[in-house]
Amino acid sequence: MSGVTDSRLTLGRLGKLAGLARSSLLHYEALGLLRPSHRSSAGYRLYGAAEVERLRAIRRLRDAGLPLAAIARLLGAQASRGAGAASPSEPARLLEARLLGLCAEIDGLRKQQRQLARLLALPEFRAGQPCGDKTSWVALLRHAGFSDDDMRQWHVDFEAEAPAAHGAFLRSLGLPSREAAAIRRWAKKAERA
């Protein structure tokens with residue numbers, strides 16, 4: 001949404017400028033998030049620079065994953081309807097709650113990611129296909145965002161939950177038996193620590 005040339009925009013032009021559907025803008029209006037500054041003689045909604053800035057703020061907050069109700073509190077959109085605007089400390093609390101919520105979601109997704117990698121290492125999920133070699137497996141995990149510490153923890157968890165499957169997986173990579181045994185030893189030791 002850059003470069004507003006006219007001082008007043010219709011709903012359609014504002015939608016195009018913002019990359020939003022007309023229905024989204026009307027929904028924002030129904031929630032009290034965005035209101036037209038004026039109406040044309042024909043009754044069309046008109047929006048000025050202040051509304052464009054407010055819509056930018058709404059978009060930034062939506063892009064950060066905040067629900068519309070929280071955005072309404074942050075922007076004080078409900079104040080005119082008597083529900084009360086956010087207290088001075090509430091915006092920080094709402095943003096902190098979203099940040100901490102994201103951290104919890106990310107932790108959950110990382111657990112799912114590690115579990116998927118373990119399942120992928122099991123022969124029954126590979127339809128008889130080998131896992132490849134150590135280099136290709138490490139490349140896959142790196143591509144999935146695994147750090148060296150993540151990979152070590154993956155081996156520790158795999159060894160703890162399914163030692164025989166972990167050993168079979170290491171053999172399927174074509175690792176020399178001494179290297180596979182060493183990985184399993186430190187994985188067991190790390191789990192006990």
Side-chain angles (χ1 to χ4, degrees), residues 1 18-20 24 27-28 31 33 55-77 86-193:
M1 287 191 322
L20 290 171
S24 295
H27 183 62
Y28 291 173
L31 295 174
L33 284 169
L55 186 54
R56 283 186 179 122
I58 293 167
R59 292 292 305 267
R60 281 192 305 272
L61 294 167
R62 286 297 286 158
D63 289 346
L66 271 77
L68 291 175
I71 293 171
R73 297 286 299 165
L74 282 169
L75 298 179
S87 69
S89 62
E90 190 171 6
R93 280 197 306 268
L94 288 169
L95 295 175
E96 286 171 6
R98 177 62 185 151
L99 182 61
L100 294 175
L102 277 176
C103 291
E105 289 176 39
I106 290 167
D107 286 344
L109 290 171
R110 295 297 268 166
K111 286 176 185 171
Q112 289 178 23
Q113 185 183 47
R114 288 190 300 273
Q115 182 61 23
L116 283 169
R118 263 195 305 285
L119 291 171
L120 189 57
L122 297 174
E124 60 262 32
F125 291 107
R126 298 202 55 86
Q129 298 288 327
C131 292
D133 61 7
K134 178 181 174 181
T135 303
S136 63
W137 184 256
V138 169
L140 172 68
L141 294 183
R142 288 239 186 269
H143 187 69
F146 280 63
S147 67
D148 288 342
D149 287 341
D150 294 331
M151 286 188 242
R152 281 190 284 278
Q153 188 61 50
W154 181 85
H155 280 288
V156 169
D157 294 343
F158 198 178
E159 183 66 31
E161 292 176 20
H166 185 228
F169 163 74
L170 293 172
R171 286 189 300 279
S172 78
L173 292 178
L175 295 178
S177 57
R178 289 174 64 198
E179 184 179 355
I183 292 170
R184 294 189 69 196
R185 269 194 309 277
W186 66 250
K188 287 176 190 173
K189 188 176 180 180
E191 190 220 345
R192 288 190 297 261

request  = Mind telling me whether Trp154 and His166 have parallel, tilted or perpendicular rings, with 30° and 60° as the class edges?
outcome  = perpendicular
key: Non-hydrogen atoms of Ile71 and Ile58 that approach each other most closely   = CD1-O, 4.0 Å
task = First locate atom CG of Leu75, then atom CG of Leu31, and finally report the distance between them rounded to the nearest 0.5 Å.
result = 12.0 Å
request  = List for me each residue that meets side chain to side chain donor-acceptor pair (under 3.5 Å) alongside Arg110, sequence neighbours excluded, and say none if there are none.
outcome  = Gln113, Asp150
task = Hey, could you give me each pair passing salt bridge (charged side-chain N to carboxylate O under 4.0 Å, His left out) that has a residue in residues 162-173? Not counting sequence neighbours.
result = none
ask   = What's the shortest heavy-atom distance between Leu68 and Tyr28, and which atoms?
value = CD2-CE2, 3.7 Å
task = Check salt bridge (Lys or Arg N to Asp or Glu O under 4.0 Å) between Arg152 and all other residues, then give those that pass, not counting sequence neighbours.
result = Asp149
Non-hydrogen side-chain atoms of Leu99 and Glu96 separated by less than 4.5 Å = no
key: Qualifying side-chain hydrogen bond (donor to acceptor under 3.5 Å, both in side chains) pairs with a residue from residues 184-193, counting only residues at least two apart or across chains   = Glu159-Arg184
request  = Not counting sequence neighbours, list each pair that qualifies as a side-chain hydrogen bond (donor to acceptor under 3.5 Å, both in side chains) and has a residue in residues 132-145.
outcome  = Asp133-Ser136, Lys134-Glu179, Arg142-Asp148
Sequence-distant partners of Asp63, salt bridge (Lys or Arg N to Asp or Glu O under 4.0 Å), two or more places apart = none
request  = Under the side-chain contact (heavy atoms from CB on, under 4.5 Å) rule, collect the residues that match up with Gln153, sequence neighbours excluded.
outcome  = Val156, Asp157
query = For Ala162, which residues count as a side-chain contact (heavy atoms from CB on, under 4.5 Å) partner, sequence neighbours excluded?
reply = Phe158, Ala165
query = Do you know which two heavy atoms are closest between Leu74 and Pro91, and how far apart they sit?
reply = CD2-CA, 3.0 Å
ask   = What are the two closest heavy atoms between Leu94 and Ala70, and how far apart are they?
value = CD1-O, 3.9 Å
request  = Please name all residues satisfying salt bridge (Lys or Arg N to Asp or Glu O under 4.0 Å) with Glu161, sequence neighbours left out, ordered by chain then number.
outcome  = Arg118
remark   = With sequence neighbours left out, the residues meeting side-chain contact (heavy atoms from CB on, under 4.5 Å) with Ala64 are Leu66
task = Quick one: closest heavy-atom pair of Pro163 and Ala160, and the distance?
result = CD-O, 4.3 Å
key: salt bridge (Lys or Arg N to Asp or Glu O under 4.0 Å) against Arg98, all qualifying residues, sequence neighbours excluded   = Glu105
task = Would you mind reporting whether Val138 and Phe146 have side-chain heavy atoms less than 4.5 Å apart?
result = no
